[in-house]
There are 2 protein chains.
Amino acid sequence: MDHECTVYKTVDYLAKKWTLMILLELYKGKEWKRFTEIKNSMKEITPKMLSERLAELEMEGLVENRIDASSFPVRSEYRLTGPGTELITVIHDLKKWALKNKIVNSTCANQDCKICIL
Amino acid sequence: MDHECTVYKTVDYLAKKWTLMILLELYKGKEWKRFTEIKNSMKEITPKMLSERLAELEMEGLVENRIDASSFPVRSEYRLTGPGTELITVIHDLKKWALKNKIVNSTCANQDCKICIL
DNA sequence: CGGTATCCTTTCGGATACTG
DNA sequence: CAGTATCCGAAAGGATACCG
């Protein structure tokens with residue numbers, strides 16, 4: 001939309017399809033994850049989408065990428081940056097708000113969600 | 001997208017165009033605001049969009065509507081509910097995160113933003 | 001005033017194929 | 001393996017007109 005307000009800018013890219021899922025996928029488990037590894041963990045995503053979203057997140061400084069070109073095939077891995085990890089806290093707050101105020105009966109409420117693992 | 005995860009569900013509707021702007025518009029100033037009053041404060045929005053978004057937000061329990069049908073023209077007013085107001089806190093946290101981690105030089109950082117007023 | 005209805009444009013994302 | 005290129009369909013949103 002092209003905003004000047006920080007809040008709108010931030011939500012604009014966080015809100016895109018797959019973005020949150022990718023962030024949470026990178027948040028769980030191991031530090032560095034390979035492209036295909038991320039892709040396989042999100043059954044429905046296309047390489048095009050994953051590629052686009054990772055590029056955006058890298059530009060926003062939430063994700064970093066390291067490439068080992070000496071090996072073949074090239075090994076490319078991603079992880080959350082510091083800011084990226086800190087954002088998870090805010091997302092967790094959002095979840096707490098939702099569970100407190102809106103969700104009446106959800107498996108999400110009884111336990112840590114298996115999907116977002118928050 | 002049709003998620004089962006609380007977090008995704010929540011972001012799915014918060015992320016729609018105009019939604020955040022409407023919430024913040026209702027957050028500032030007076031308690032109850034009329035349809036046209038909201039519309040005029042957001043120069044670019046069409047009545048269709050405002051109507052759709054308000055309906056969604058009402059369904060989600062973030063906004064409530066009262067109608068005075070005895071007057072003519074009918075007087076219809078909106079305001080944030082309790083949960084709606086609490087959400088503003090989370091949005092504020094998101095802003096703080098963005099200013100701390102991402103925004104280098106923004107008028108937003110020096111003062112409360114004139115747009116989101118957070 | 002407070003919306004709906006209709007139509008139309010634009011954007012987004014999916015499917016698929018291909019490449020170094 | 002880690003993507004990119006191309007094409008296409010669905011859906012979101014804008015413009016405009018109209019109505020109780």
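Computed from a prediction, not measured in an experiment: that's the story for all the values here. Chain letters run A, B, ... following the sequence lines, proteins first, then strands; residues in each count from 1.
- Atoms CG (A/Asn65) and P (D/dA2) sit 10 Å apart, rounded to a whole Å.
- A salt bridge does not link B/Lys9 with B/Asp12: every distance from a Lys NZ or Arg NE/NH1/NH2 to an Asp or Glu carboxylate oxygen is 4.0 Å or more.
- For the side-chain contact (heavy atoms from CB on, under 4.5 Å) test, residues two or more places apart in sequence or in another chain that qualify with B/Ser71 are B/Asp68, B/Arg75.
- In summary, A/Arg34 and A/Glu77 do not engage in a salt bridge, as defined by a charged side-chain N under 4.0 Å from a carboxylate O.
- Between D/dG3, C/dG13, C/dC1, one nucleotide has an atom nearer to the side chain of A/Lys16 than all others, and that is C/dG13.
- In this structure, NZ of A/Lys33 is placed 17 Å from C1' of D/dA2, rounded to the nearest angstrom.
- One can place CH2 of B/Trp18 at 10 Å from P of D/dG13, the figure rounded to the nearest angstrom.
- OP1 or OP2 of D/dG3 sits under 4.0 Å from a side-chain N or O of A/Tyr78.
- Judged purely by distance below 3.5 Å, without hydrogens or angles, the side chains of A/Thr81 and A/Glu64 never pair a donor atom with an acceptor atom.
- Atom CG in A/Asp12 sits about 11 Å away from atom P in D/dG13, given to the nearest Å.
- With sequence neighbours excluded, the residues that form a side-chain contact (heavy atoms from CB on, under 4.5 Å) with A/Thr36 are A/Asn40.
- Residue B/Lys17 has its side chain nearest to D/dG13 when only C/dG13, D/dG13, D/dG3 are considered.
- The pair B/Glu52-B/Lys16 does not count as a salt bridge, with every side-chain nitrogen at least 4.0 angstrom from each carboxylate oxygen.
- At a non-hydrogen distance threshold of 4.0 Å, A/Arg34, A/Phe35, A/Thr36, A/Pro47, A/Lys48, A/Ser51 from residues 34-60 of chain A come into contact with DNA chain D.
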